[in-house]
Amino acid sequence: MQEAITITEQPVSISVPVGYSFTLRCRAEGSTLLEYQWFCQQQSDCHQIPGATNPDLPIIAEQTQLYTCRVNDLYRNAVFSDWVKVEVHQCVARGLPPRLWRGEPVIILNPMEQRVEVGKPLQLQCAAMGVPAPCYQWYRNGNLLEQHKRKKLWITHAKVSDSGTYLCCASNSHGEHWTNAVDVHVGTCGSEKFFATGKIALLVGNNRYQHHPNLMAPVKDVFELSRLLEQLGFQVVSLLDLNKAEMATAVSQFLQLLEKGVYAIFYYAGHGYEHLGRNYMVPVDAPQPYSPENCISVQRILQKMQQQQTALNIILLDTCRKWYNPGRALSQVQPLEPWGNTVYGYATSEDAEAYELQDGEFSSGIFMKYLKKHILKEKKVTHMLEDVLEDVGRDPLVTGKQVMEIKHTLKEARSLTDPIRPSGAGAERWGHSHELPSRTLTFPCGARAELRFLRLFSNLMSVCAKLQAPPAHVTAPRLLLCQPPEMEAMAMQRESRLDHVETLLASVYKWEELDCIFQLCGLQKIQHPGQTSHPRITVCLLTMSFLICSLGLHSSLCWLEGWEGRSTQATADRCLLFLSASADVLKERTLDNSLIHSPSATEFIWEAVLGSLAEVWQFLTKQGIAFFLKC
């Protein structure tokens with residue numbers, strides 16, 4: 001009796017990228033010498049593979065095909081192996097599979113969020129590579145779906161009960177890997193209104209460059225866009241004049257606030273360039289000439305935004321797109337996931353410049369001039385940007401010079417006016433308090449001063465003081481705001497004042513004329529104050545009798561009467577340093593020895609602490625802004 005041929009090792013199906021090298025194996029046992037012949041099938045065509053007569057079949061994956069092996073013995077008995085599938089993926093993200101891949105599952109396609117009307121079909125799809133080819137198992141709300149064990153999940157007639165969070169596990173003998181979780185909403189036609197779980201925007205405007213021409217428009221453009229986005233419910237962080245390290249930190253902290261379902265906007269105004277589809281933003285400290293390593297890649301930011309599973313990603317670039325320094329290599333950026341939630345709005349077309357417009361006493365970009373006209377409209381965001389594009393195209397000032405461009409993969413009719421339904425911890429991380437602090441100080445003489453922090457940008461704040469009606473015995477009082485040397489880097493110097501900031505301040509805060517005001521800029525440079533470091537901002541009251549100033553430069557206040565025996569000139573020098581912003585007052589008064597030693601001097605000396613860096617930091621933390629200003 002002839003013994004049957006027994007296949008002891010079946011070939012296995014695989015799922016690999018194009019160009020991957022692999023060997024299909026088949027082993028059999030029989031009573032005589034065995035012969036092997038491999039066959040392949042593509043669509044309905046099955047044919048013998050010439051020369052494939054060994055138990056091993058080396059292949060280089062080019063296209064998806066089915067394979068089987070026939071085993072013969074000398075008695076003309078034959079048996080076929082299992083049919084196996086070599087699935088070949090033509091488009092795989094760069095870096096996949098990983099370099100030392102052992103065949104464990106690698107997800108290459110994640111399912112996407114779905115909104116389905118009741119009774120309509122529901123389809124979710126994923127894909128993974130693996131050797132052997134992975135098995136699939138779908139889950140809804142953490143519960144295993146016994147009938148759904150393929151790459152595609154198909155429900156012919158969706159019900160409301162099919163709503164939930166879906167994900168799929170791909171597994172083989174080397175391990176398992178899970179897809180991203182996605183939400184499926186099944187409802188009636190009227191319930192398909194889109195919503196955001198949160199709205200977060202990061203706006204960056206670079207004006208004052210160290211090695212390149214300064215710009216004028218970004219200050220006003222960032223300011224106006226931030227006000228409009230706040231009307232739409234966005235939590236906005238607006239930053240001016242960032243170097244590369246500060247831009248990287250701001251972007252990193254911005255990404256930490258993003259989460260599933262959030263609408264995210266990143267806006268940049270400043271110098272920039274584009275080459276071969278790559279966009280770069282130029283920090284204020286970029287050298288001349290600059291190269292990609294001195295700049296920030298926009299595509300890399302968008303790629304990381306996608307990783308946060310946001311519902312809508314919008315990149316608005318109000319910058320030139322001319323190629324610069326062509327001798328330098330491009331940065332390496334992986335392709336974006338095809339998630340259908342991305343919108344690019346370019347102020348100008350490729351290899352063209354973006355222009356600024358003198359608008360009254362301010363300068364603004366042409367792009368922003370028309371964006372602010374349409375951004376509050378309730379329509380799909382791409383349609384809103386198309387309205388902006390048409391208006392820019394009709395502007396005679398830039399005809400033939402600047403044409404806006406829109407690129408997008410947005411498959412849903414999402415609008416910036418969509419409602420917010422908070423979920424997760426994003427809102428908690430942002431902070432609950434958005435009230436600007438203020439206080440009223442009473443001096444020993446009975447005079448009172450109202451003090452306020454006023455914010456135009458997240459890293460530029462104004463400290464203001466208003467003297468209330470003084471008591472009758474206090475003659476011709478005047479307030480001065482002073483800061484110790486520890487804060488000199490933050491206080492706005494006259495030669496570096498941002499144009500029109502005070503005008504913008506007055507347009508937002510309708511407050512009567514202030515007695516004194518100074519600006520704190522570059523707040524992103526603040527280090528979190530320690531327990532022993534509390535530099536003070538001091539408010540001083542001056543009267544007609546004497547010039548009053550504070551010498552409390554460190555942890556304790558030093559009253560003038562305590563300076564007996566000290567060098568009169570040294571004291572005067574410190575006063576001059578501390579009140580350098582009030583040169584007109586110093587010209588009218590002379591600090592001499594009689595003033596320093598006058599026992600009656602202290603009755604005219606009153607000061608109070610307005611705030612410290614610790615208090616500023618506490619305020620910023622309440623606003624959620626500390627996430628972006630921490631260096």
Side-chain angles (χ1 to χ4, degrees), residues 91-96 108-110 112 180 200-206 237 239 242-258 262-284 286 289-354 367 381-382 385 404-411 628:
C91 297
V92 176
R94 182 179 300 173
L96 294 180
I108 59 173
L109 177 64
N110 280 287
M112 301 182 65
N180 295 333
I200 308 290
L202 173 59
L203 317 182
V204 177
N206 284 343
V237 172
L239 301 170
L242 303 185
N243 60 36
K244 184 184 178 185
E246 292 164 354
M247 288 183 73
T249 298
V251 169
S252 175
Q253 300 300 327
F254 167 65
L255 293 171
Q256 290 184 34
L257 286 178
L258 304 184
V262 163
Y263 287 11
I265 293 180
F266 178 80
Y267 169 83
Y268 172 74
H271 285 306
Y273 69 93
E274 177 179 324
H275 183 54
L276 297 178
R278 307 277 180 83
N279 298 95
Y280 297 89
M281 301 175 293
V282 181
V284 295
Y290 48 75
S291 55
E293 57 265 27
N294 307 126
C295 303
I296 302 293
S297 167
V298 177
Q299 277 70 28
R300 190 162 292 163
I301 294 173
L302 180 56
Q303 186 179 67
K304 293 180 179 178
M305 289 169 69
Q306 282 194 333
Q307 295 171 2
Q308 304 303 107
Q309 300 183 47
T310 45
L312 177 63
N313 294 316
I314 301 176
I315 301 287
L316 300 175
L317 295 181
D318 200 350
T319 180
C320 296
R321 296 174 65 188
K322 280 186 170 292
W323 177 222
Y324 177 89
N325 201 6
R328 305 307 295 260
L330 295 171
S331 60
Q332 297 297 316
V333 181
Q334 293 185 1
L336 297 174
E337 295 281 354
W339 286 352
N341 65 345
T342 300
V343 179
Y344 270 105
Y346 299 94
T348 190
S349 55
E350 187 174 357
D351 198 33
E353 295 177 331
F367 173 61
V381 63
T382 52
L385 289 175
M404 185 187 162
E405 184 175 345
I406 304 168
K407 296 180 181 179
H408 76 92
T409 61
L410 189 61
K411 63 187 182 69
F628 301 85

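Remember, it's a predicted structure, so these values are computed and weren't measured experimentally.
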> Going by side chain to side chain contact (heavy atoms under 4.5 Å, CB included), name the residues that satisfy it together with Lys304, two or more places apart in sequence or in a different chain.
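Scan of Lys304 (side chain to side chain contact (heavy atoms under 4.5 Å, CB included), adjacent residues dropped) gives Leu255, Arg300, Gln307.
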> With a 4.5 Å cut-off on side-chain heavy atoms, are Glu246 and Val284 touching?
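No - every pair of side-chain heavy atoms lies 4.5 Å or more apart.
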> Heavy atoms only: give me the nearest Met305-Ile315 pair and the separation to one decimal.
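It is SD-CD1, 3.8 Å.
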> Closest heavy-atom contact between Ile296 and Pro283?
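For Ile296 versus Pro283, the nearest heavy atoms are CG1-CG, 4.5 Å.
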> Is there a side-chain contact between Val237 and Gln253 in this structure, where contact means two heavy atoms from C-beta onward sitting under 4.5 Å apart?
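Counting from C-beta outward, Val237 and Gln253 never come under 4.5 Å.
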> How long is the span from the CG atom in Asn294 to the CG atom in Asn243, to the nearest 0.5 Å?
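Here the rounded value is 12.0 Å.
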> Measuring from Leu96:CG to Cys91:SG, what's the distance to the nearest 0.5 Å?
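Leu96 atom CG to Cys91 atom SG measures 12.5 Å (nearest 0.5 Å).
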> Quick one: pull up OG1 in Thr319 and OH in Tyr267 and give me the separation to the nearest 0.5 Å.
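Reported to 0.5 Å precision, the distance equals 9.5 Å.
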> Which pair of non-hydrogen atoms, one from Phe254 and one from Ala201, has the smallest distance, and what is that distance?
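Distance-wise, the nearest heavy atoms are CE1-C, 4.1 Å.
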> Just verifying a value: how many Å separate Glu405 CD and Tyr346 OH, rounded to the nearest 0.5 Å?
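Going from the CD atom of Glu405 to the OH atom of Tyr346 covers 6.5 Å.
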> What I'd like to find out is whether the side chain of Asn341 reaches to under 4.5 Å of the side chain of Gln306, using heavy atoms alone.
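Asn341 reaches Gln306 side chain to side chain.
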> What residues form a side chain to side chain donor-acceptor pair (under 3.5 Å) with Tyr268, not counting sequence neighbours?
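By the side chain to side chain donor-acceptor pair (under 3.5 Å) rule, Tyr268 matches Tyr209.
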> Examine Tyr290 together with Tyr280 and report whether their ring centres are nearer than 6.0 Å.
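So the answer is no for these two rings.
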> Is any side-chain heavy atom of Val282 less than 4.5 Å from a side-chain heavy atom of Asn206?
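No. Closest side-chain heavy atoms not under 4.5 Å.
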> Output, in order, the C-alpha distance, side-chain angles, deciding distance and verdict of side-chain contact (heavy atoms from CB on, under 4.5 Å) for Phe266 and Val251.
CA-CA 9 Å; Phe266 178 80; Val251 169; 4.2 Å; yes
> Please name the residue in the list Leu385, Asn313, Thr409 that meets the side-chain contact (heavy atoms from CB on, under 4.5 Å) test with Val343.
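The option that passes is Leu385.
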> Keeping Ser252 on the side-chain end and Ala248 on the backbone end, is there a donor-acceptor pair under 3.5 Å?
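No; judged by distance alone, with no hydrogens or angles, the pair does not exist.
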> Is it the case that the side chain of Asn279 and the backbone of Val298 share a donor-acceptor pair, with hydrogens and angles ignored and the cut-off at 3.5 Å?
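Side chain of Asn279 to backbone of Val298, a donor-acceptor pair under 3.5 Å: no, none is there.
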> How many angstroms lie between CG in Leu239 and CE in Met247, if you round to the nearest 0.5 Å?
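Nearest 0.5 Å value for the CG-CE distance: 9.5 Å.
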> Please name the pair of heavy atoms, one in Met281 and one in Ile301, separated by the smallest distance, quoted to 0.1 Å.
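Looking at all heavy atoms of both residues, the shortest contact is CE-CD1, 3.5 Å.
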> Any luck finding a side-chain donor-acceptor pair between Thr310 and Gln308 under 3.5 Å?
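No - no donor-acceptor pair under 3.5 Å links their side chains.
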> Between Lys407 (side chain only) and Thr342 (backbone N and O only), is there a donor and an acceptor less than 3.5 Å apart?
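Side chain of Lys407 to backbone of Thr342, a donor-acceptor pair under 3.5 Å: no, none is there.
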> Is there a side-chain contact (heavy atoms from CB on, under 4.5 Å) between Val381 and Tyr263? Walk through the geometry before answering.
CA-CA 11 Å; Val381 63; Tyr263 287 11; over 6 Å; no
> How many angstroms lie between CG in Leu302 and CD1 in Ile314, if you round to the nearest 0.5 Å?
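The CD1 atom of Ile314 is 11.0 Å from CG of Leu302, to the nearest 0.5 Å.
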